[in-house]
K.L.:
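Encoded as C-alpha cells, here's the structure I'll be asking about.
Computed from a prediction, not measured in an experiment: that's the story for all the values here. We count ligands from 1, going down the list as the structure has it; atoms in each ligand are counted the same way.
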Amino acid sequence: MPGKVTLVGAGPGDPGLLTRKGLEALQKAEVVVYDRLVSPAILAMMPEKAEHIDVGKQAARHPVPQDQINQILLDKALEGKNVVRLKGGDPFLFGRGGEELELLAQHGVSFEEVPGITSAIAAPAYGGVPVTHRDCCSSLHIVTGHQRAGKELDIDFEALVRTKGTLVFLMGVSALPQICRGLLDAGMEPDMPAAVVERGTTPAQRRISATLGTLPAVAEEAQVVSPAVIVVGKVCALAEDFDWFDKLPLKGKRVVVTRPRERAGTLSARLRALGADVWEYPCIATVPLDPCPAVDSAMERLYDYEWLALTSPAGVEALWRWLEGHGKDARALGAVKLAAIGPGTARALSAHGLKADYVPEVYDAAHLGAGLPAAGKVLALRAEEGSPALTEELARRNIACDDVASYRTVYENPRSQELRAAVEETEGLLVTFTSASTVKGFVSSVGEDADFSRMVGMCIGAQTANQAQKYGIPVRVAREATMDALTDMIVEGV
Ligand code: SAH
C-alpha cells in the first residue's frame, strides 16, 4: 500500500499560527520533510520517532535541489509512509507546492494540502500593517521579487502602479532598490508609504518604515536581511497606530523554559503570546518506575489509606500508567481521598475525571504536609527524590505516611555548551524554574562551576528558589506557585 503525502503550511514563524489541521497531520507523520523557513518551535512538534529530513540545510550553501525533494516525497510515499511536507507560510504561495505534487500525481500517490498562513499577510499584520483598508485601497497584489541570476526583474510595474492597490513583495530583499526604482519609474509617488517587515511574527521581528523614495537607503542602513516582506501602499502609514506586536510586554526578551518537554507547552505558549523569545531547553524528563514493587504493594493495600497525595502532574501520569498496566481504571482508587499539591496537579487529575479533595493554600510540599486534614494514613506517590518537607510536616503532626517513589527524574542535555555560553554571556538572562528538580537538571546541563551571576532564576516557589540559591543563582520568587503568577512576575521584571 503506498502511503500519502500531506503538504502542510507551517505559517510564517509564530508557532501559534500553525493550523489545527496542520498540527494533526504533523502529529501523525512517519516522515517529515521540512525546509529552512519552518520555525524551531514547530519542528519541536514533530513526533520524535518520525524520520526527519531537512531539505533546507545549506550544505555548500545550497539546499537540496527541487527535483530531489520531489523524489524523496515520492520514494517515502511508495515505501508506504505517511509523509508530511512542511513548508513555510502557505505551500502554494511561492512555495513550489504545486511542483512537489506533480510527480506524486503522475505516480498516482495520494496527497492532501493543508493551507498555511502566509507571511505575505501575517508579517505585515504583526508589523501593524493591515494589507487592505477601505480608505486606502481596493486590492492586494503579492509579487515575487526574486531575480534569476543575471536577469532583469520580470515585473510589470506599470500595471501594478495602475491598480492603486497594496503591493507585497516576497523574496525581494536583494532586489529592493530595483523594485522601488521600477515603481517610481512607472509613476508612483516617492512619498508613498512603504515598509519592510523582517522575520515577521517571530520574536526577532523588525519593521522598518519609510517611503517608496527612501526605503532602499533606510533598509540598507538598518541592514535588513531575508526573510522579509516589502509592503508598498497607503496602508503602511497605519503601522504607527496599529503596531501591537512590538508593544507586547516581553517583545524580544529571551526566556529559557527548563520544564520537561511534554509539559513546557503551556508556559511557553503564555510567554510567546506576550512576545517573549522562548527558548525551550528541557533540563529534566520524568520516567515512571516500571516495574515497581513498592507501588504495586501500596496500590494493593490502598484501602489502608485515607489519603493519596500527588505532588506533580508526572505523579498523576505515573499513577495512570500503573492503573492501565494492571488493567484497571479510576474505580480501583475506591474511597481513598485525593490530595493535589497545586492546581496543575489537580488539573491532571480532573483530566481523568477525578476531583482533588484537598489542595493547600500555598502550593508546595510543606504546606501540603502541614494542611492536609488527615486522620488516617497517607500514601504519597511521587518522585524518587521528593522534597522531605512533606513527610517531615506529616511526621510532626503524627500522621503516618508511606512515601513511595513512582517515577524518576532524569537530567537531559548534560553539559550543554550552548546553554552555558548563553548563561554566562547574557546580562539578565531569564531562566524559569518550576521545581527544585528543574534547577538541578539545569545546573547539570550548564555545569556546577559556571558563572550564574548574570542570570535570574524565575522560581515558582520557595523550595525551588532555595535550591537555586544553593548554586549561587540570583532568584525571584512568584507570589504563588502557578504558571500565571510565574508569568506575571516575568512581565513585571522587564
Ligand atoms: N510560502 C511562503 C513564501 C515562500 S517565499 C509564504 O506563504 O509565506 C520566501 C519569502 O517569504 C521570503 O523571501 C520572504 O519574503 C517571505 N517570508 C517568509 N517568512 C517570512 C517571515 N517570517 N517574515 C517576513 N517574510 C517572510
K.L.:
Note the single closest protein heavy atom to atom 10 (C) of ligand 1, along with its residue, its atom name and the distance in Å.
P.N.:
Met171 CG, 3.7 Å
K.L.:
Indicate whether the side chain of Thr6 and that of Glu112 have a donor and an acceptor atom separated by less than 3.5 Å.
P.N.:
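No, no side-chain donor-acceptor contact under 3.5 Å.
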K.L.:
What part of Val173, side chain, backbone, both or neither, has a heavy atom within less than 4.0 angstrom of ligand 1?
P.N.:
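Neither part.
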K.L.:
Between ligand 1 and Leu37, can you find any atom pair, the residue atom being a heavy atom, that is separated by under 4.0 Å?
P.N.:
yes
K.L.:
Where on Pro227 is there a heavy atom closer than 4.0 Å to ligand 1, on the side chain, on the backbone, on both, or on neither?
P.N.:
both
K.L.:
Pairing donors with acceptors under 3.5 angstrom, does anything connect the side chains of Gln66 and Asn70?
P.N.:
yes
K.L.:
Given side chains that start at C-beta, do those of Ile473 and Phe442 come closer than 4.5 Å, heavy atoms only?
P.N.:
yes
K.L.:
At what distance is the nearest protein heavy atom to atom 5 (S) of ligand 1, and which residue and atom is it?
P.N.:
Phe94 O, 3.5 Å
K.L.:
Which option wins on minimum heavy-atom distance to atom 7 (O) of ligand 1: Thr118, Val38, Asp14?
P.N.:
Thr118
K.L.:
Under 3.5 Å, N or O to N or O, is Gly95 touching ligand 1 that way?
P.N.:
no
K.L.:
Do you know which two heavy atoms are closest between Arg420 and Val446, and how far apart they sit?
P.N.:
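Residues Arg420 and Val446, closest heavy atoms: NH1-O, 3.0 Å.
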K.L.:
Less than 3.5 Å between some nitrogen or oxygen of Ala228 and one of ligand 1, yes or no?
P.N.:
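Yes, Ala228 has an N/O under 3.5 Å of an N/O on ligand 1.
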K.L.:
Among protein heavy atoms, which lies nearest atom 2 (C) of ligand 1, and at what distance?
P.N.:
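The protein heavy atom lying closest is Gly88 O, 3.3 Å.
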K.L.:
Give the C-alpha distance, both sets of side-chain angles, the deciding distance and a yes or no for salt bridge (charged side-chain N to carboxylate O under 4.0 Å, His left out) between Arg454 and Glu425.
P.N.:
CA-CA 8 Å; Arg454 287 201 174 80; Glu425 288 158 23; over 6 Å; no
K.L.:
Does ligand 1 have an atom under 4.0 Å from some heavy atom of Val229?
P.N.:
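Yes.
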K.L.:
When only distance counts, is Asp90 in polar contact with ligand 1, meaning an N/O pair under 3.5 Å?
P.N.:
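In this structure, Asp90 places an N or O atom under 3.5 Å from an N or O of ligand 1.
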K.L.:
Please confirm whether Pro12 comes under 4.0 Å of ligand 1, counting heavy atoms of the residue only.
P.N.:
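Checking ligand 1 against Pro12, which is what was asked, there is a heavy-atom contact under 4.0 Å.
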K.L.:
Closer than 4.0 Å to some heavy atom of Val197 - which atoms of ligand 1 meet that?
P.N.:
24 (C)
K.L.:
Has the side chain of Arg206 got a donor or acceptor atom that lies under 3.5 Å from a matching backbone atom of Glu198?
P.N.:
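It does not hold such a pair.
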K.L.:
Mind telling me whether Tyr126 and Phe245 have parallel, tilted or perpendicular rings, with 30° and 60° as the class edges?
P.N.:
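Phe245 and Tyr126: tilted rings.
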K.L.:
Please determine if Leu93 has a nitrogen or oxygen closer than 3.5 Å to a nitrogen or oxygen of ligand 1.
P.N.:
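Between Leu93 and ligand 1 (N or O atoms, distance only) the closest approach is under 3.5 Å.
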K.L.:
Would one find an N or O of Gly200, backbone or side chain, under 3.5 Å from an N or O of ligand 1?
P.N.:
yes
K.L.:
I'd like to know if Arg181 pairs up with Asp185 as an ion pair, taking the criterion as any Lys NZ or Arg NE/NH1/NH2 lying under 4.0 Å from an Asp or Glu carboxylate oxygen.
P.N.:
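Here Arg181 pairs with Asp185 in a salt bridge, since their nearest N and O are under 4.0 Å apart.
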K.L.:
Checking side-chain polar atoms at under 3.5 Å, does Thr163 have a donor or acceptor matched by the opposite partner on His141?
P.N.:
yes
K.L.:
Does the ring centre of Phe452 sit less than 6.0 Å away from the ring centre of Tyr471?
P.N.:
no
K.L.:
Which of the atoms of ligand 1 are close to Arg199, meaning less than 4.0 Å from one of its heavy atoms?
P.N.:
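Reading through ligand 1 atom by atom, the close ones are 22 (N), 23 (N).
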K.L.:
Among Ala123, Ser119, Ser226, Ala204, which one puts a heavy atom closest to atom 20 (C) of ligand 1?
P.N.:
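Closest candidate by heavy-atom distance is Ser119.
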K.L.:
Locate the shortest heavy-atom distance separating Gly275 from Pro203; write the atom from each residue and the value.
P.N.:
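The pair with the smallest heavy-atom distance is O-CB, 4.3 Å.
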